[in-house]
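Just so you know, ligand 1 is whichever comes first in the structure, and atom 1 is the first atom listed for that ligand. Basis for what follows: all heavy atoms, side chains included, without hydrogens, waters or symmetry-related copies. Index from 1, following the sequence.
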Amino acid sequence: MVEEVLFRQAFQAANVGIGMLDINNRWLKVNPAFCEMVGYSEEELLYMTDEAITFPDDLKHEAELKDKLFKKEIKNLHIEKRYIHKDRSILWVSLHISMVFNENDQPQCFIIHAEDITMKRQTEQTIVENEQTYRLIAEQSADIVGRYYPDGTIFYCSPSVREILGYEPCEVINKTPYDYVHPDDQHKLAACHNQVTNTNKEKTCARFRTKDNTFVWLESIIKSIKDPTTDQPKEMIAFSRDVTTRVTAEHELKKSKQRLEQLFKHIKRSLDGVTDSFITVDKNFCFTFINKEAEQVLNHSRTKLIGKNLWSTFPELVGTNFDLKLHQAFAERCAIQSEFYFPTLDDWFHFRIYPTEEGALIYFLNITKRKQIETKLSESEERYRSLVEFSPESIVVHINQKVVYINPAGVALLGATDPSDVIGKRIWDFFPEENHDVLYQSFRQNLNGNHKQRFTGHQVTTLDGETKHIEFTTKRIMYEGKPAVKAILRDVSERKKYEELMSKSEKLSLVGQLAAGVAHEVRNPLTSIKGFVQIFQASKSYNDEFARIILDELDRVESIIYEFLTLAKPNQEMVFKKLDLKLLLEQVVTLLDTQAMFRDHQIFTDFDELPFVECEENQLKQVFVNIIQNALEAMSSKGAVYIKLKRHSEETISIDITDTGRGMSDERIRQLGEPFYSNKEKGTGLGLMVCFKIIEHHNGNIHFSSKVGKGTTVTITLPIKQNKHAYELISQ
Ligand code: ADP
Ligand code: MG
């Protein structure tokens with residue numbers, strides 16, 4: 001009985017619900033724990049069946065199992081089922097059911113141990129549900145969701161791995177992320193992997209190999225999940241997103257940023273490197289950039305200037321051209337360049353202003369030196385211009401066969417009243433028609449070469465109808481940027497007159513000196529003629545022999561007088577004629593022979609047969625007379641003069657007149673031709689000057705070679721043919 005009491009007490013006090021059901025499932029006995037579990041009192045339950053409080057869906061399953069108990073197929077039974085609480089809520093219970101048989105082995109009742117497992121069931125359910133939800137999320141996610149064991153072995157991978165890396169999820173199972181990571185990112189991944197066990201959550205970005213062997217950037221958030229019992233990492237979950245586009249964009253950005261930075265550095269360097277000073281100002285005229293050059297020019301440190309206002313820092317700039325132009329550039333939003341004088345620096349600057357969104361870029365360059373040069377240049381240009389303007393020589397500039405400039409002397413020379421009378425005309429319009437072609441050709445030659453040409457012996461007809469003798473030189477120059485021909489004209493009419501006068505006076509003196517010789521020469525035959533005539537008169541008879549002598553003597557007198565008269569004839573206009581120089585020289589020798597004999601000198605001649613030479617007879621005679629006479633005069637006692645006429649070249653002949661006189665020093669030779677330079681008592685010192693002039697007109701040449709005490713040779717070369725309009729080319 002004690003046992004029964006103990007059993008009853010245990011039954012009443014038990015924590016688990018215990019109940020007894022008859023074979024018809026009527027409650028026979030329930031303990032308080034069971035009553036509390038289902039919400040009914042014992043009295044209420046004893047009138048109820050187990051079916052009445054069981055969730056209908058679970059009835060069938062339980063009945064089947066209980067049937068097995070009946071048939072003794074099983075000894076006891078464990079099921080989980082739902083009860084409907086008195087308050088209509090549903091509770092999960094874990095039931096241990098056993099069957100009690102009587103001594104006849106007939107089923108008598110069921111003993112039920114019930115435990116409320118609602119809480120546990122709910123948790124389990126939630127877990128399942130959650131698991132399902134998460135799996136769904138993972139499966140649907142565009143990111144790769146991967147689960148790993150702490151050693152990195154993958155045991156789950158979401159299907160998005162297919163889209164992102166090209167693998168089937170099953171392919172990656174049992175692999176590790178290290179099998180796929182880019183070698184360069186391996187360390188990154190390992191670091192993250194190690195770290196995550198401490199921090200629980202890590203983020204990393206690494207490249208992973210795709211199935212087709214390319215790499216994609218995956219940004220992964222990795223979470224470590226710990227086993228609650230051991231507190232050791234149980235698994236890791238990684239959410240990986242394809243960020244290739246972003247990363248490459250970032251890389252590109254970084255690269256272009258670097259490039260930009262380099263560019264900036266370069267620009268900065270080159271801005272510092274430019275000799276132009278460079279500054280930028282904002283809309284309020286505050287400095288925003290200043291290059292090194294500008295810093296030096298402005299003599300202010302960059303750091304101090306940045307942000308400062310231009311006008312308050314440099315008040316002296318207010319009201320300058322720079323101020324004006326900067327405001328204009330701002331107002332009109334157009335680039336402007338100009339120059340200004342910076343008073344404080346005492347320098348000139350050229351500046352360029354470019355308006356920008358933010359304000360303006362200003363370049364400026366110190367041009368003081370250039371300005372000075374320019375001023376000097378314009379001063380010197382001015383000087384040259386005035387030199388040209390006031391030059392007594394006539395200066396004419398020709399472009400494209402037209403006069404573009406003529407100085408006042410030129411205007412006067414050409415008998416014009418104003419430069420405009422001549423400008424636009426051709427200079428050779430003033431020359432005789434037959435010269436035009438030669439002049440035009442030589443002007444063209446001028447333009448092609450860099451030589452100077454000299455023209456002599458020309459005449460121009462001025463606008464007021466006068467004829468003037470001119471000499472001129474032409475040379476190519478650049479005039480206002482164009483190739484031009486500059487001609488310097490000289491009026492030699494005066495000189496010509498003067499030279500003629502000199503030549504006349506020289507001739508007079510020459511004739512005067514000759515007169516004595518001529519008189520002597522004439523007197524001798526006249527004396528003999530007179531003697532013979534007196535013999536005729538006395539004998540009153542005619543002697544044929546005597547008559548022949550008289551006639552001979554008269555011929556000689558006649559020829560001497562003829563020669564004398566030709567030489568004494570006033571200068572005529574120069575006319576070149578083809579002459580036999582041999583004859584001409586013989587005539588001169590006739591004139592001078594008497595004089596020579598008179599001085600006990602001899603004249604030897606050696607004349608080659610030569611073609612006729614184009615020359616002016618009277619003038620050449622004058623030259624030969626003077627030179628031979630000089631030769632005779634140079635010899636004091638006995639002496640000889642040798643005259644040699646020969647061919648000199650294809651186009652020239654030469655005449656050598658050699659004496660055995662006193663000779664001349666080189667110094668003396670250099671002075672020859674200067675007028676009035678004579679060391680003779682009756683000398684004029686004009687002879688050689690006239691000779692030079694005449695030979696020059698003949699386009700010939702006179703050369704002296706002499707030895708003091710030994711003698712002198714004068715060599716005259718003359719062209720056989722005269723080119724009347726020949727011009728000289730003087731190489732520069
Ligand atoms: P002039 O005969 O009237 O003195 P020229 O002009 O003919 O003037 O000569 C100038 C000078 O040159 C002469 O006075 C003489 O001193 C010198 N001279 C010219 N020819 C000779 C010569 N053949 N030998 C030496 N001296 C000469
Ligand atoms: Mg002389």
Side-chain angles (χ1 to χ4, degrees), residues 495 498-518 563-564 566-568 571 584-585 587-589 591-606 618-645 654-698 700-717:
R495 200 180 76 197
Y498 170 72
E499 276 170 13
E500 270 165 25
L501 269 175
M502 296 231 271
S503 145
K504 233 181 247 165
S505 92
E506 150 69 6
K507 195 143 68 178
L508 281 174
S509 120
L510 206 65
V511 168
Q513 282 172 46
L514 275 178
V518 167
E563 281 310 318
F564 185 76
T566 7
L567 197 71
N571 276 355
L584 195 139
L585 279 167
Q587 287 165 352
V588 170
V589 172
L591 259 180
L592 293 168
D593 234 358
T594 343
Q595 214 187 113
M597 283 193 311
F598 192 68
R599 293 162 173 261
D600 206 8
H601 298 149
Q602 272 185 290
I603 297 177
F604 298 100
T605 59
D606 176 8
N618 205 20
Q619 287 200 329
L620 274 197
K621 269 187 190 166
Q622 196 176 337
V623 170
F624 297 139
V625 167
N626 185 51
I627 288 175
I628 297 168
Q629 193 159 18
N630 279 350
L632 295 171
E633 282 166 357
M635 300 182 292
S636 45
S637 55
K638 266 185 176 228
V641 175
Y642 303 89
I643 304 170
K644 188 167 172 59
L645 171 67
S654 70
I655 304 113
D656 293 326
I657 297 156
T658 308
D659 64 65
T660 54
R662 73 177 82 91
M664 284 176 287
S665 65
D666 289 349
E667 174 68 27
R668 188 87 179 84
I669 291 175
R670 268 195 293 280
Q671 289 166 335
L672 295 177
E674 284 175 22
F676 313 115
Y677 195 94
S678 173
N679 56 4
K680 297 170 197 164
E681 209 185 313
K682 285 180 186 167
T684 58
L686 289 174
L688 286 181
M689 190 205 87
V690 173
C691 292
F692 282 129
K693 212 69 251 165
I694 292 170
I695 298 301
E696 192 188 315
H697 277 158
H698 280 78
N701 190 24
I702 305 185
H703 176 78
F704 288 81
S705 75
S706 185
K707 266 209 170 104
V708 179
K710 287 266 159 69
T712 307
T713 299
V714 184
T715 307
I716 298 167
T717 44

- Note on the structure: Among Thr713, Ile628, Ile627, Asn630, the residue with a heavy atom nearest to atom 9 (O) of ligand 1 is Asn630
- Residues at least two apart in sequence or cross-chain that pass side-chain contact (heavy atoms from CB on, under 4.5 Å) with Ser654, listed by chain then number, are Lys646, His648, Thr715, Thr717
- Message: So for ligand 1, is Leu688 a polar contact partner (N or O within less than 3.5 Å, distance only)?
- Response: yes
- Query: By number and element, which atoms of ligand 1 are closer than 4.0 Å to a non-hydrogen atom of Leu672?
  - Reply: 12 (O)
- Evaluate side chain to side chain contact (heavy atoms under 4.5 Å, CB included) for Phe624 paired with Leu584, printing each intermediate quantity in order. CA-CA 9 Å; Phe624 297 139; Leu584 195 139; 3.5 Å; yes
- Message: Side chain or backbone, does Arg662 bring an N or O within less than 3.5 Å of an N or O on ligand 1?
- Response: no
- Task: Test side chain to side chain contact (heavy atoms under 4.5 Å, CB included) on His601 and Asp659 and set out the steps.
- Result: CA-CA 10 Å; His601 298 149; Asp659 64 65; over 6 Å; no
- Task: Would you mind telling me if ligand 1 is within reach of the side chain of Met689, the backbone, both or neither, using heavy atoms under 4.0 Å?
- Result: neither
- Close-contact set for ligand 1 against Asn626 heavy atoms, below 4.0 Å: 7 (O)
- Could you tell me which atoms of ligand 1, counted from 1 in the order shown, lie closer than 4.0 angstrom to a heavy atom of Ala634? 22 (C), 24 (N), 25 (C)
- Got an N, O or S from Asn626 under 2.8 Å of the Mg ion (ligand 2)? yes
- Can you tell me how far the CD1 atom of Ile716 sits from the CG atom of Leu620, to the nearest 0.5 Å? 8.0 Å
- Message: Could you measure the distance from the CZ atom of Phe704 to the CG atom of Asn630? Nearest 0.5 Å is fine.
- Response: 7.5 Å
- Message: How long is the straight-line distance from OG1 of Thr605 back to CD1 of Ile655, given to the nearest 0.5 Å?
- Response: 13.0 Å
- Report yes or no: does a heavy atom of Gln629 sit under 4.0 Å from some atom of ligand 1? no
- Item | Contacts of Asp600 that satisfy salt bridge (charged side-chain N to carboxylate O under 4.0 Å, His left out) - sequence neighbours left out | none
